[in-house]
Amino acid sequence: HEIDPAHRDTYDALKDLYVTQGEWRKLVTLHDTAVSQAHEPGARAGLLQLIADVYEQKLHQPDMAFMTWCRIYREDYHDMAALTVVEKLARETGSFEELHGLYEEAAGQVKDPQVLVDLHHRSARVTGEHLGEGDQAEGHLRQVLEIDPRNMEAVDALAATYEKAGKWVDLVDILDSNVPLVDSVEEKVGLRIRIGEIWEQRLGKVEEAITSFRRGLELDWRDPRVLE
């Protein structure tokens, strides 16, 4: 780790002393002081990991370990190994609001579209599954589609969200946008049938249902599902 050579001997001596005496909080303070003096992100991350290990293994404070791993991830928002540990500790400590905040913080800093898509997917899962914020989850999924309109994972997740919430018009819209994205004619016909059924059974719009069934028939007039 990046320790000033002029202070290295003192640092090592104090570290050994604190470990021998079990002075774990003093060890954390020592490492944290070294973090503040380190200039390279990799060096800071390495020292922070030592702090996280003390919190988790010696002081049995997973909440503080979680916060420290968040600091490690902030050193490099592309560090997926660090993010994996952050998420594990978030589950153990129930720190889902903080986790969502970290995702949003990262999304505001990174430029790589693939990383942004991944962060919005993660945000959607946390807000939808753990925080009960369906509207926020929907917003994150829509941001995925703004970046990558052909992202089938986001399309499927939005469809499931709308169906669960009974947002039938929104469900029709997302299924309709899904038609050009699927590869096979069979899948396209299936989507047209599903859209028609929603218009007929959920929205009571017979004309719109007939239009959707007809569009499925135009794709494959021999498909028995359309003929039914």
Side-chain angles (χ1 to χ4, degrees), residues 41 45 48-49 52-53 55-56 60-184 187 190-191 194-195 198 202:
L48 286 166
Q49 189 167 342
D53 289 345
Y55 277 130
E56 191 168 12
H60 308 292
Q61 292 183 275
D63 54 333
M64 294 301 295
F66 167 75
M67 292 174 63
T68 306
W69 272 101
C70 288
R71 291 173 66 188
I72 295 169
Y73 178 59
R74 288 187 181 101
E75 293 293 337
D76 179 5
Y77 289 118
H78 296 83
D79 187 347
M80 300 310 295
L83 187 57
T84 298
V85 180
V86 168
E87 291 171 334
K88 176 184 80 73
L89 290 167
R91 291 191 295 271
E92 291 178 6
T93 59
S95 303
F96 294 111
E97 285 189 18
E98 293 82 357
L99 180 61
H100 179 226
L102 186 66
Y103 290 150
E104 292 208 306
E105 182 183 320
Q109 296 294 322
V110 301
K111 304 299 182 186
D112 186 325
Q114 288 186 325
V115 176
L116 280 171
V117 163
D118 179 68
L119 286 166
H120 283 302
H121 272 305
R122 291 172 190 270
S123 287
R125 285 193 292 271
V126 166
T127 51
E129 297 173 13
H130 297 289
L131 298 178
E133 297 288 349
D135 288 345
Q136 284 195 53
E138 178 184 332
H140 283 296
L141 292 169
R142 287 202 170 278
Q143 285 185 282
V144 169
L145 292 176
E146 285 183 17
I147 300 167
D148 178 11
R150 298 182 66 85
N151 190 289
M152 290 300 297
E153 184 181 349
V155 169
D156 290 342
L158 268 176
T161 298
Y162 292 147
E163 187 163 14
K164 184 177 180 181
K167 294 183 175 181
W168 304 115
V169 174
D170 289 329
L171 179 57
V172 164
D173 287 343
I174 199 69
L175 292 176
D176 189 62
S177 71
N178 202 0
V179 174
L181 305 183
V182 297
D183 295 324
S184 71
E187 289 175 294
L191 285 169
R194 188 178 176 193
I195 291 168
I198 294 168
R202 300 294 185 177

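Quick note: numbers below take in every heavy atom, side chains included, and nothing from hydrogens, waters or symmetry partners. Only a predicted model underlies this, so the values are computations on that prediction, with no experimental measurement involved.
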Leu99 to Ala90 - nearest heavy-atom pair and separation: CD2-CB, 3.9 Å
Pairs where residues 131-154 contributes a residue and the test ring-ring contact (aromatic ring centres under 6.0 Å, His included) is met, not counting sequence neighbours: His100-His140, His120-His140
Please, which pairs that meet salt bridge (Lys or Arg N to Asp or Glu O under 4.0 Å) have at least one residue in residues 85-95, sequence neighbours excluded? Glu56-Lys88, Glu87-Arg122, Lys88-Glu92
Taking the side chain as every heavy atom from C-beta outward, state whether Arg202 and Val172 have any atom pair closer than 4.5 Å. no
What is the minimum heavy-atom distance between Ala65 and Ala52, and which atoms define it? CB-O, 3.9 Å
Is Tyr103 close to Val86 at the side-chain level, that is, under 4.5 Å between some pair of heavy atoms? no
Holding to ring-ring contact (aromatic ring centres under 6.0 Å, His included), I want the full list of residues that pass it with Tyr73, two or more places apart in sequence or in another chain. Tyr77
Counterpart residues, salt bridge (Lys or Arg N to Asp or Glu O under 4.0 Å), relative to Glu163 (two or more places apart): Arg194
Under the side-chain contact (heavy atoms from CB on, under 4.5 Å) test, residues paired with Ala154 that sit two or more places apart: His121, Leu141, Val144, Leu145, Asn151
Side-chain donor-acceptor distances from residues 175-182 under 3.5 Å, at least two apart:
unit_1	atom_1	unit_2	atom_2	d
Asp176	OD1	Arg192	NH1	2.6
Asp176	OD1	Arg192	NH2	3.4
Ser177	OG	Ile174	O	2.7

Residue pairs passing the salt bridge (Lys or Arg N to Asp or Glu O under 4.0 Å) test with at least one member in residues 99-117, sequence neighbours excluded, are Arg74-Glu105
Could you note down all residue pairs passing salt bridge (Lys or Arg N to Asp or Glu O under 4.0 Å) where residues 142-155 supplies at least one of them, sequence neighbours left out? Arg125-Glu153, Glu138-Arg142
Using side-chain contact (heavy atoms from CB on, under 4.5 Å) as the criterion, list what pairs up with Met64, not counting sequence neighbours. Tyr55, Gln61, Met67
Could I get the full list of salt bridge (Lys or Arg N to Asp or Glu O under 4.0 Å) partners for Asp135, not counting sequence neighbours? Lys167
List in chain and number order the residues that pass side chain to side chain donor-acceptor pair (under 3.5 Å) with Thr93, two or more places apart in sequence or in another chain; answer none if no residue qualifies. Ser95
Of all pairs that satisfy ring-ring contact (aromatic ring centres under 6.0 Å, His included), the ones with a partner from residues 141-167, not counting sequence neighbours: none
